[in-house]
Amino acid sequence: MAAAVPLAVLALLLLGPGGWGYAEPLRDSLREELVITPLPSGDVAATFQFRTRWDSDLLQEEVSHYRLFPKALGQLISKYSLRELHLSLTQGFWRTRYWGPPFLQAPSGAELWVWFQDTVTDVDKSWKELSNILSGIFCASLNFIDSSNTVTPTASFKPLGLANGTDHYFLRYAVLPREVVCTENLTPWKKLLPCSSKAGLSVLLKADRLFHTSYHSQAVHIRPVCRNARCTSVSWELRQTLSVVFDAFVTGQGKKDWSLFRMFSRTLTEPCPLASESRVYVDITSSSQDNETLEVNPPPLTTYQDVILGTRKTYAVYDLLDMAVISSSRNLNIQLKWKRPLENGYIHYQPAQDRLQPHLLEMLIQLPANSVSKVSIQFERALLKWTEYTPDPNHGFYVSPSVISALVPSMVAAKPVDWEESPLFSSLFPVSDSSSYFVRLYTEPLLVSLPTPDFSMPYNVICLTCTVVAVCYGSFYNLLTRTFHIEEPSTGGLAKRLANLIRRARGVPPL
Amino acid sequence: VPPEVVRGKRAALYFAAVAIVLGLPIWWKTTETYRAPLPYSEISGLNALQLRLMVPITVVFTRESVPLDDQEKLPFTVVHEREIPLKYKMKIKCRFQKAYRRALDHEEEALSRGSVQEAETTLAEPQEQAEGSLTVYVISEHSSLLPQDRMSYIGPKRTAVVRGIMHREAFNIIGRRIIQVAQAMSLTEDVLAAALADHLPEDKWSSDKRRPLKSSLGYEITFSLLNPDPKSHDVYWDIEGAVRRYVRPFLNALSAVGNFSVDSQILYYAVLGVNPRFDPASSSYYLAAHSLPHVINPVESRLGSSAASLYPVLNFLLYVPELAHSPLYIQDKDGAPVATNAFHSPRWGGIMVYNVDPKAYNASELPVKVEVDIVRVMEVFLAQLRLLFGIAQPQVPPKCLFSGPQSEGLMAWELDRLLWARSVENLATATTTLTSLAQLLGKISNIVIKDDVASEVYKAVAAVQKAAEELASGHLASAFVASQEAVTSSERAFFDPSLLHLLYFPDDQKFAIYIPLFLPMAVPILLSLVKIFLETRKSWKKPEKTD
């Protein structure tokens, strides 16, 4: 803004006092919740949910006044007559085989499905405009949603909220699997939270940690719900959910222990003053089953038991609104330690940075006898920048060999020898224990053929077709315009003269 | 000549003929860019447009206002025209067209009432006056309608009252008074200059002069309550009631200018971008005038863009400073605290700092319940809204009684003034847009001009001309509508995406694709043509030699 002008004199407008409105009971409420689940594979899943409920009928009021409900989304509901909106942006894939069933799974990329009110006449037009606006709000490429990737499911995707008619004509569904989710999608999502990222659970939402994970899924769900038990009127519910799966091995140097600070690089310091409920649940099911294999610190005041997704679960509950939880140490850093180390292993993984450093994966494994261990790494074939291709790109690119360093138990116990006197070939590697010896093995280098583009294909095609056309045309032209007539041999051609020369040399009469 | 040679020659000629007669036109036609014809001459004519803004004034004489013989020889109309000097290519002339008549019976009766307000309500009842027109009543010199020291009265509607005089030169004196009043109530030079601020050269209206909001079809008004410290302050504001009681009436009065939508929101943990300074003398915090521009940008990211419409947004922020920084005052350039504790930024909106009563902290523990005095806040916001729209404080001529606005906070003639300014601004914008579009299309020859773009251009030109005509004949409302149409059509033409289709198609690539085909085909044709030409010339020369 270029200029700001202080408002100096104001005696022009004198408004008469109106009737004083007494403070009404608040019509909106906020609940926030974080569930931390140690996964069977050793990873840790964290699921945030922020629920804003607003007892207002957005569709009928001309002037809208927002408190906790974000204005940007409220305007969308009233302008496009939405009944339900579900948007999720996901990076990675929830691996049910290793991680167990998720609370709410979402497909990789962006998914949007919307139920419109049955007053909407041109659903496709509203859908197009809505996806464009959502793409602006969440900085995602939702504007690529068009008729070619939109479907209207007839059996699935029934409304999740209050609905009196389910005419699937008012449903639109689209998925953009290519969408890459990153910080610029998280920032607008965080801005919709009433406490922004200043207080409460949202303090933990630090972008550089949330995207350093194996799975990241953020979602917005808007739906109408019943305001009371008899469902006489409608309220709007906005649920913002965020699930992440932390790779505990990478962040925890091979240990499965975790703490809030280690995962999010933040701790909880104060509850959001606007929230009516603010809780952290930690899954300690294995603790109650396997006789105290893990320890949660600080010890929870209450626990909660329920059957979730078909299994009985136990959660340690921390209520941030309870003064005792935070006030003891001024912040809350929930820590979980496994008492018995589950296996003697070590994994160190250093991911590559493009054009700067390669991947490094080190594993310390104890191999049982007569066993086969397979280490497989998935990789993606990518196109390099065109200047980075070698002169013979079709030859392929080399991946350096992997190394196995092992202490192999010896069949025969060797007697301890003096270093200086033993032959040189037997004393390269120092051996501390005589019952085993050291070997280092290398595998073959790997030759990977990467896709190579054809750098000049389009122009070649143009030139080739033009040449073919020109050649055809040229011969036609010659055929039609040239005149052909038989020429009487006067002195004869070059061949005849040569033949006569040879004939004369041989003494044969010329032709 | 052998017949084979003739046949070959004829074939070559046919080839050349087919290539020229058929090939060239097909190639030309298929690669041509479609350019619909545009009214270039009319667009360049718009540049030198002469705007005549007519203000129809009805002057009504009561019985004893002027000497009788003067009343006898009243002319029907008098035109008073003057040029408004602006450094702008568009010439703007303002003409006051005064139509004289004697008062009708019911008007005489109304003007003989006790107070001027009473007279006005009785007069206003029969018919609503058209936008832009004025009615001036000339009353007798000794009438008790006005206080004795006042010579004229300006009402909230489109009426004014001027005291008459019994004098030989009565007619001229009253004429001068009428013009004085009419100029205060209708368009003046600075109103138009502010409206044309974007189009005038910088030296005349530098950027620190206040610039009113750009003309648009509609506006969105957002009231935001910023509470950076919800742990200490639990703020409640009755914004719904305030909008209903104060904002809506004002916007209804302004409804001729555009559509308005109003909403409000509360933002928590939203802080200003500037750390206020501590003033130990008064143990308060202050924001210096030079730091005010830096306040807005960080806040703006939290305000949220208005996703649902394309209209410009006006933001009004009520900032309740956090406990650690209160009380907070805004200082002006001289270092004195601003009485209203508010400031505004042209074309963006206004910010008011609302300090919590320090007594509240003693009574109870945190958070303190704060109920905003919404009347005080709305007074500031409505005044800022007037300033943002460029509704200046009226300049009252000397010895004039001034009524002040009615409950809605806007006088009818202020609305007229705004409509005039907006019409002129719209016309200037539309003309500039059309001129630059015409220039651009003339300069770059491979821009496609589709039919719908052309029709928008024609529509815009027609609307500009219609608006100018309506202004000249004094129909302000329809002129304003036409000027809005002109802007909408011209911008729709200018920003049509089809104009960009072929813009970035360079010539060298075109030739790289043409040459492999065209060169091998053209060379034999040209060579054989040259050969035929040489041979025919030789055969023409031969007969001459034999002669």
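Any value given below was found using the heavy atoms of this structure, including those in side chains, with hydrogens, waters and symmetry copies removed. Throughout, a chain's letter reflects where its sequence line sits, starting with A, and its residues are numbered from 1.
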- Message: Between A/Arg27 and B/Glu240 (salt bridge meaning N to carboxylate O under 4.0 Å), is one present in this structure?
- Response: yes
- Query: In residues 461-468 of chain A, which residues are in contact with chain B at a heavy-atom separation under 4.5 Å?
  - Reply: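 Under the 4.5 Å heavy-atom cut-off, A/Ile462, A/Cys463, A/Cys466 qualify.
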Within this structure, what is the [atom1]-[atom2] distance for the pair [X] and [Y], rounded to the nearest 0.5 Å?
{"X": "A/Asn478", "Y": "B/Ser528", "atom1": "CG", "atom2": "OG", "value": "9.5 Å"}
{"X": "B/Phe15", "Y": "A/Phe476", "atom1": "CZ", "atom2": "CZ", "value": "8.0 Å"}
{"X": "A/His65", "Y": "B/Asp263", "atom1": "NE2", "atom2": "CG", "value": "8.0 Å"}
{"X": "B/Ser261", "Y": "A/Lys79", "atom1": "OG", "atom2": "NZ", "value": "10.0 Å"}
{"X": "B/Lys231", "Y": "A/Glu270", "atom1": "NZ", "atom2": "CD", "value": "4.0 Å"}
{"X": "A/Tyr66", "Y": "B/Ile266", "atom1": "OH", "atom2": "CD1", "value": "13.0 Å"}

- Nearest atoms (heavy-atom pairs only) where B/Arg302 meets A/Pro194: NH2-O, 4.1 Å
- B/Tyr268 and A/Arg67: side-chain donor and acceptor closer than 3.5 Å?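 Result is yes, a qualifying pair exists.
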- Query: Does a donor on one side chain sit under 3.5 Å from an acceptor on the other, for B/Tyr269 and A/Ser197?
  - Reply: no
- Pick one of side chain, backbone, both or neither for B/Ile515, based on which atoms fall under 4.5 Å of a heavy atom in chain A. neither
- Atom group of B/Ser224 that falls short of 4.5 Å from chain A, counting heavy atoms: neither
- Query: Contact part of A/Leu192 toward chain B, heavy-atom cut-off under 4.5 Å: side chain, backbone, both or neither?
  - Reply: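 Neither the backbone nor the side chain of A/Leu192 comes within 4.5 Å of chain B.
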- Task: Pick one of side chain, backbone, both or neither for A/Leu274, based on which atoms fall under 4.5 Å of a heavy atom in chain B.
- Result: side chain
- Task: Determine the option with the most heavy-atom pairs under 4.5 angstrom with chain B, choosing from A/Pro70, A/Ser196, A/Pro188.
- Result: A/Ser196
- With respect to chain A, which residue among B/Thr222, B/Val523, B/Leu13 yields the maximal number of heavy-atom pairs within a distance under 4.5 Å?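 If we count pairs closer than 4.5 Å to chain A, B/Thr222 comes out on top.
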- B/Ala242, B/Gly350, B/Gly241, B/Pro516: which one forms the most heavy-atom pairs within less than 4.5 Å of chain A? B/Pro516
- Residues two or more places apart in sequence or in another chain: which of them pass side-chain hydrogen bond (donor to acceptor under 3.5 Å, both in side chains) with A/Trp127?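 In terms of side-chain hydrogen bond (donor to acceptor under 3.5 Å, both in side chains), with neighbours along the sequence ignored, A/Trp127 is linked to A/Thr150.
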- Task: Can you sort out the partners of A/Glu184 under salt bridge (Lys or Arg N to Asp or Glu O under 4.0 Å), two or more places apart, ordered by chain and number?
- Result: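 Partners of A/Glu184 by the salt bridge (Lys or Arg N to Asp or Glu O under 4.0 Å) criterion come out as none, since no residue qualifies.
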- Task: Would you please name every residue forming a salt bridge (Lys or Arg N to Asp or Glu O under 4.0 Å) with A/Arg172, sequence neighbours left out?
- Result: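 By the salt bridge (Lys or Arg N to Asp or Glu O under 4.0 Å) rule, A/Arg172 matches A/Asp124.
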- Message: Closer than 3.5 angstrom, by distance alone: can the side chain of A/Tyr473 be matched with the main-chain N or O of B/Met521 as a donor-acceptor pair?
- Response: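 Pair found, side chain donor or acceptor close to backbone of B/Met521.
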- Query: Donor-acceptor pair, A/Lys198 side chain versus B/Ala270 backbone, under 3.5 Å?
  - Reply: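 No: the side chain of A/Lys198 does not pair with the backbone of B/Ala270.
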- Item | Side chains of A/Leu480 and B/Tyr14 in contact at under 4.5 Å (non-hydrogen atoms) | no
- Query: Just wondering, are more than 12 heavy atoms of other shown residues or ligands nearer than 6.0 Å to CZ in B/Arg7?
  - Reply: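 Atom CZ in B/Arg7 is crowded, with more than 12 foreign heavy atoms closer than 6.0 Å.
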